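Fair warning: this is a prediction, and the values are worked out from it, not measured in the lab. The chains referred to below are lettered A, B, ... by the order of the sequence lines, with proteins before strands, and numbering in each begins at 1.
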Protein chains: 2
Amino acid sequence: MTRSPSDNLTAAAHRATLTDRYAAWRELGYDASRCPVRNVLDHLGSKWSTLLLIALAEKPMRFNALLREVPDISKRMLTQTLRDLERDGLVARRVFPTKPPSVEYRLSAMGESVLGPLTALVGWAEQQFPEIERARARFDAGDATEHAAADEQPAAPTARVALAPVSASG
Amino acid sequence: MTRSPSDNLTAAAHRATLTDRYAAWRELGYDASRCPVRNVLDHLGSKWSTLLLIALAEKPMRFNALLREVPDISKRMLTQTLRDLERDGLVARRVFPTKPPSVEYRLSAMGESVLGPLTALVGWAEQQFPEIERARARFDAGDATEHAAADEQPAAPTARVALAPVSASG
DNA sequence: AGGATAGGTCTACAATGGAGACCTTCTGCC
DNA sequence: GGCAGAAGGTCTCCATTGTAGACCTATCCT
């Protein structure tokens, strides 16, 4: 995880950006439906949405082609996920009056515009995957939680009993 | 080679990148557990993970502080999501031997490294939100699917009956 | 006529998520 | 001394979601 000083700076900037969004949501009275982030990410985060966006990034596809392309999705979920993406305007649905009718799905302009952020995330996932697997192995081996020394202070809100003389170990 | 995640790549380049990942997965026999993208994104996509990462981006926090910070999460889901994030190495858990014990959660280095891609996505969500809402309104008003002219060709795999003379309408 | 392809819907069952009761140890308060 | 409240969870129960797969209408190929 080589980190350069400039990475730290950008990390700080990201932190600031995200904290801003968070504060904005708090000011909306924690109303999830009016928070762009939650509203949008809840959909994008669903198991199949990103996968379908990636599949459609390659080329427009028809219903059964998508079904073949993503072998572990069920028809029901494919229909439903496509409907969601269509409703959000990320995917356009076109019906061709062949017999039987053909239905083609393709990314809209907005759908294409999410490819950038999505690629960034996918790149991160791929890059970090080995480290994540190591972390999982470590966790599953039981070497997880860190126990702080008795004289260190926890994050914040209770100083209430933090100073009591204490013998570690229960 | 530290390149900013998404700077000057064109949509076509994103498409190529994503299509590559997709092809790689196909070559793994569509095994989701060995696909970094699905493996990682399935976790990150869960309803609360991103929210907790954003909350912890601001500062380390303790269990009950997080509970107050994200008012619509239940204790159960908070525990579970934090465990997942900890297992993946994105969040570090530290126990302080106060009485009663305090437990502090903070982003690990890897957790900070996801802030970049995450900020990109959040930025996209915020920027596109008005358009998404318009798309939803349009969809809910029934003005959704586009019906192609009879002489246009669908995506690909059936040219089988595509040329039959057909009276549109349905 | 039988089977395949097209694009779905519908039903039954399993997994997941959420609300909230409950637990233990500690402190402060009256 | 006893009760309330905070801390950090776990546990149980119920509702929502997701999954598998049968089924449907129509057309075409053999």
| Separation between CG of B/L51 and CD of B/E69, rounded to the nearest 0.5 Å | 9.0 Å
| Can you list every pair that meets salt bridge (Lys or Arg N to Asp or Glu O under 4.0 Å) and has a residue in residues 72-81 of chain A, with sequence neighbours left out? | A/D72-B/R38
| Whole-Å distance separating the CZ atom of A/F63 from the P atom of C/dG7 | 8 Å
| request: State, yes or no, whether a side-chain contact exists between B/S113 and A/W124 at a heavy-atom distance under 4.5 Å. | output: yes
| note | Sequence neighbours excluded, the answer for side-chain contact (heavy atoms from CB on, under 4.5 Å) partners of A/D20 is none
| message | By nearest atom, which of the nucleotides D/dG9, C/dG8, C/dA19 is closest to the A/V103 side chain? | response | C/dG8
| query | Rounding to a whole Å, what distance do you find between A/Y105:OH and C/dA6:C1'? | reply | 12 Å
| said: What I want to find out is whether B/E126 reaches A/R21 closely enough, with some N-O distance under 4.0 Å, to be called a salt bridge. | reply: yes
| request: Grab the CD1-C1' distance between A/I73 and D/dT17 for me, whole Å please. | output: 14 Å
| request: May I ask you to evaluate whether A/N64 reaches the phosphate of C/dA6, defined as a side-chain N or O under 4.0 Å from OP1 or OP2? | output: yes
| query | Which residues within residues 75-82 of chain B lie with some heavy atom under 4.0 Å of an atom in DNA chain D? | reply | B/K75, B/R76, B/T79
| Taking only residues two or more places apart in sequence, or in another chain, which ones meet A/D84 in a side-chain contact (heavy atoms from CB on, under 4.5 Å)? | none
| query | Considering only C/dG18, C/dA6, D/dG8, which nucleotide approaches the side chain of B/S74 most closely? | reply | C/dG18
| request: Could you check how far CG of A/L67 sits from P of D/dA20, rounded to whole Å? | output: 11 Å
| request: Could you state the atom-to-atom distance from CZ of B/F96 to P of D/dA7 in whole Å? | output: 15 Å
| task | Flag the pair A/D88 and B/R136 as a salt bridge only when some basic side-chain nitrogen lies within less than 4.0 angstrom of an acidic carboxylate oxygen. | result | yes
| said: I'd like to know if B/D140 and A/R87 make a salt bridge, using a cut-off of under 4.0 Å between side-chain N and carboxylate O. | reply: yes
| field | DNA chain C contacts among residues 39-55 of chain B, heavy-atom distance under 4.0 Å | value | B/K47, B/W48
| task | With sequence neighbours left out, write down each residue that passes side-chain contact (heavy atoms from CB on, under 4.5 Å) with B/L85, or none if nothing qualifies. | result | B/S49, B/L52, B/L53, B/T81, B/L90, B/V91
| query | OP1 or OP2 of D/dG8 less than 4.0 angstrom from a side-chain nitrogen or oxygen of B/R68, does that happen here? | reply | no
| query | Quick one: which of D/dG8, C/dG8, D/dG9 gets closest to the side chain of B/R93? | reply | D/dG9
